[in-house]
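Written below as structure tokens is the structure these notes are about.
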Amino acid sequence: MATLVASSIQDPADRFDLDLLDRPLAGETFPSRSAAAERVHEYIDADLRRRADPAYSADAAVFTALLSVHRVIGDLVRLGRLTPADIAAEVEGTLHSLFSFVASGPPPERLEQILALGRAGVIRFLGPDTRFSTDDDGYVATSPSHPDVVRARAFVEARLPVASVSDTADDLLATLFRRGRVAEVRSAATGPGKVAVDDRSRVVDATGAATDGLYAVGPFVAGHTWSGAFPRPNVDAGFFRHNEAVARDLLTDVTSTR
């Protein structure tokens, strides 16, 4: 396969290389942090130029194809054709990760702003595979790609936390889980642990049964992170249709118990 790709696609930048998408600067070394940052600037700039060039419409085609797959999978989820475990492992674990590697990220205008801030020195990129530690003076950041060490008095962790029903700090969710009213599904042995729901978003308990009147939606629910990310205006997105169906169920439950 590698030989066929190399002979058919002359420019390595045009090849579908997941490892390179995952670690675009892997193995590169630089004499300083500023040189590493300039390499990041070049990478962002090249991405912006490629996005704006109609010669690379194949890139847009890959994005559109992956988006259509998400829509089909979303319909399968809403029809109850996939189990919570399948959604966690195969959809959110594999498919969503692939889509994120290939097509997710900030829009062009945000990249342009990030690039401008980087070149102005407001944002300073540290290089690939950055590692953080502490010492008596504060926080320390290093990258194996250059010899410079960056020190700071404050550190802000801005990534989303990993979902975990069994380790949640939310009292309500923790109590429901302890009582077996909520089941947890994971994409891997140590992966995110999300709330299991059926095709109507009713919470699934430890026995695998759905509970009438108990619903869960949102990013920590299996199947909801990816389905809520891609609706487009004026397309009657399945994500919105599903939420409208949940709202109708809730109204029915409320009116029937009066």
Side-chain angles (χ1 to χ4, degrees), residues 64-100 103-104 158-258:
T64 303
L66 287 171
L67 194 61
S68 68
V69 169
H70 273 80
R71 290 169 181 157
V72 173
I73 295 296
D75 289 337
L76 292 176
V77 170
R78 283 179 285 277
L79 291 171
R81 300 291 295 275
L82 299 176
T83 67
D86 287 336
I87 295 170
E90 305 300 336
V91 178
E92 295 186 343
T94 302
L95 178 61
H96 183 63
S97 294
L98 172 64
F99 189 96
S100 297
S104 188
R159 291 177 295 183
L160 287 173
V162 174
S164 177
V165 176
S166 54
D167 295 327
T168 181
D170 183 276
D171 290 338
L172 174 60
L173 187 56
T175 300
L176 290 172
F177 179 71
R178 277 198 312 272
R179 294 177 178 176
R181 297 288 303 280
V182 172
E184 181 180 46
V185 289
R186 292 183 176 274
S187 59
T190 58
K194 297 192 174 185
V195 177
V197 295
D198 70 356
D199 57 301
R200 292 169 51 194
S201 283
R202 295 180 301 175
V203 172
V204 174
D205 64 21
T207 69
T211 303
D212 287 331
L214 184 60
Y215 300 84
V217 295
F220 297 122
V221 176
H224 280 249
T225 301
W226 59 272
S227 62
F230 310 113
R232 294 295 184 269
N234 303 315
V235 296
D236 192 25
F239 173 72
F240 297 124
R241 294 201 308 272
H242 177 76
N243 286 338
E244 288 171 355
V246 173
R248 285 194 297 271
D249 280 352
L250 286 169
L251 289 173
T252 300
D253 288 342
V254 170
T255 54
S256 64
T257 56
R258 285 180 177 177

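All values below were derived from every heavy atom in this structure, side-chain atoms included, with hydrogens, water molecules and symmetry-related copies excluded. Quantities reported herein were computed from a predicted structural model and do not represent experimental measurements. We count residues from 1, following the sequence as given.
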Original post:
Roughly how far apart are Leu76 CG and Leu82 CG, rounded to 0.5 Å?
Top reply: 5.5 Å

**OP:** Could you tell me whether the side chain of Tyr215 reaches within less than 4.5 Å of the side chain of Val203, counting heavy atoms only?
**Re:** no

Subject >> Heavy-atom neighbours of Arg241 CZ exceed 12 at 6.0 Å >> reply: yes

Original post:
If you take all heavy atoms of Val197 and Ala222, which pair is closest and at what distance?
Top reply: CG2-O, 4.1 Å

Original post:
Measuring from Leu214:CG to Arg181:CZ, what's the distance to the nearest 0.5 Å?
Top reply: 6.0 Å

Original post:
Hey, what do you get for CZ (Phe220) to CG (Leu173), rounding to the nearest 0.5 Å?
Top reply: 10.5 Å

Original post:
Which atoms form the tightest heavy-atom contact between Val195 and Ala216, and what is the distance?
Top reply: CG1-CB, 4.1 Å

Subject >> Thr207 side chain to Asp205 side chain, donor-acceptor N/O pair below 3.5 angstrom >> reply: yes

**OP:** Look up atom CG in Asp253 and atom CZ in Arg248, then write down how far apart they are to the nearest 0.5 Å.
**Re:** 13.0 Å

Subject >> Between OG on residue Ser201 and CG on residue Asp249, distance to nearest 0.5 Å >> reply: 9.0 Å

**OP:** Give, for atom OG1 of Thr252 and atom CG of Asp212, the distance between the pair rounded to the nearest 0.5 Å.
**Re:** 11.5 Å

**OP:** Determine whether Glu184 and Ser164 make a side-chain contact, defined as any pair of heavy atoms from C-beta on separated by less than 4.5 Å.
**Re:** yes

Subject >> Considering all heavy atoms, the nearest Phe177-Val165 contact >> reply: CD1-CG1, 3.6 Å

